[in-house]
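Remember, it's 1-based here, ligands and their atoms both numbered in the order they're listed. In this text, all values refer to a predicted model and were calculated from it rather than measured experimentally.
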Amino acid sequence: MSRFLSRRFADLEAYVPGEQPQDMQYVKLNTNESPFPPAPAVREAVNALEIDRLNLYPDPEGRALREALAGHYGVGMENVFLANGSDELLNYFFMAFCDGERGVAYPAVSYGFYPVYASLYRLPAQEIPLREGFRLEPGDYCGIGKNVVIANPNAPTGQTISVEEIEGIVKSNPDYVVMIDEAYIDFGGESCLPLVGKYENLLVCQTFSKFRSLAGGRLGFAIGSPALIGDLDMMKYSTNSYNINRLTMAAAIATIENDEYYVNNSKRIQENRAYTVSELDKLGFETLPSKANFIFTRCRAVDGGTLYRALKARGVLVRHWDKPEIIDWCRVTIGSREQMDIFLEKVREILREVG
Ligand code: PMP
């Protein structure tokens, strides 16, 4: 830290992203990317349409992409906001709606960026503990008198709450914004998007990074009432008006036009998830039920940190946190069948060695 850094940031602890080794020598099951490349049409769209036009700024309103998303989800263009990854969207949510008076509440075990934004904006944040078995109790958020952000499915647990439960939270906090982060909704969960037309205080956040195989393109979006979308727009035009680049916009439109390819990939991931869980069961692991493209699992014979390091030494990257509540556990992204077989083989090898 230099002596010039604003004192406001003296105790800020920045978010630490998962490891992104650039030599690609690992079986990479640590940051919940899709194991599948984008649909072939995405490559064509990016090549043919946009590379020669990179001298020109992109459309700051992202009209063509917002129209495609609005058509796909059956909402109006005025209900759609685009961001450079859902991380940027979360930034705008915290920036626009949360302050010293109107704080924010989120689960104590959830996406690690929420506390970073709370700290960046110096917000009174309420971290609500999960219940037994990492269960999120919707009642804990009803009438809470703060803005709320909940990942559904939650990360890193993979557990979900129902649309009815979300409606209860939204309805009971009419004077606060409820952001439902649906980064992992397309792997067997049920989206709360149908509630958007009914509640002006609900924002649903999704990403192209997981189900749509576009983590490298950086694209997230929110769907909500036109008034909330207008507020997010104000944040965007006050910080970075051209937040989505041309190549990503062209890629994303082609992605939406090829939905079947992605739905099919999601089916394969869900099959691989069931397969991996049943193989881990046989090895004495305890795995939480997951509706996401990852599982949260622990092994009775080897603690989480040891398992993470032993897997890494064998070329398989998973995610582990030193946080006390989850220190025994590892989060494992569900990849292709081949990747999961390598992961399982390495786990068996490690168990043979320790036991
Ligand atoms: N929300 C959750 C719950 C996440 O786990 C992640 C990333 N892993 C994000 C949002 C951000 O994703 P992105 O910025 O790639 O859209």
- Task: Check each heavy atom of Glu182 against ligand 1 and say whether those closer than 4.0 Å belong to the side chain, the backbone, both or neither.
- Result: neither
- Message: I'd like to know whether ligand 1 has Tyr184 as a neighbour, heavy-atom separation below 4.0 Å.
- Response: yes
- Indicate whether any N or O donor in one side chain lies under 3.5 Å from an N or O acceptor in the other, for Lys28 and Thr31. yes
- Message: Considering non-hydrogen atoms of the protein only, which is the closest contact for atom 8 (N) of ligand 1, and what is the distance?
- Response: Lys210 NZ, 3.0 Å
- Query: Are more than 12 heavy atoms from other residues, nucleotides or ligands located less than 6.0 Å from atom OH of Tyr237?
  - Reply: yes
- Salt bridge between Arg268 and Glu271, side-chain N to carboxylate O under 4.0 Å? no
- How far is atom 12 (O) of ligand 1 from its nearest protein heavy atom, and which residue and atom is that? Ser86 OG, 3.2 Å
- Query: Starting from atom 6 (C) of ligand 1, which protein heavy atom do you reach first, and at what distance in Å?
  - Reply: Tyr111 CZ, 3.5 Å
- Item | Atoms of ligand 1, numbered as shown, that sit under 4.0 Å from any heavy atom of Arg218 | 13 (P), 14 (O), 15 (O)
- Query: Which one holds for Ser209 and ligand 1: side chain close, backbone close, both close, or neither close, with close meaning a heavy atom under 4.0 Å?
  - Reply: side chain
- To which protein heavy atom is atom 11 (C) of ligand 1 closest, and what is the distance rounded to 0.1 Å? Asp87 OD1, 3.1 Å
- Task: Using atom types as modelled and distance alone, determine if a side-chain donor or acceptor of Asn272 lies under 3.5 Å from a backbone N or O of Gly335.
- Result: yes
- Short list, please: which atoms of ligand 1 are under 4.0 Å from a heavy atom of Gly85? 14 (O), 16 (O)
- Nearest protein heavy atom with distance in Å, relative to atom 1 (N) of ligand 1: Asp181 OD2, 2.6 Å
- Message: Between Tyr111 and Tyr15, is the ring centroid distance below 6.0 Å?
- Response: yes
- Which word best sums up how the rings of Trp329 and Phe296 line up, parallel for under 30°, tilted for 30 to 60°, or perpendicular for over 60°? parallel
- Answer yes or no: is there an ion pair linking Asp328 with Arg300, defined by an N-O contact shorter than 4.0 Å? no
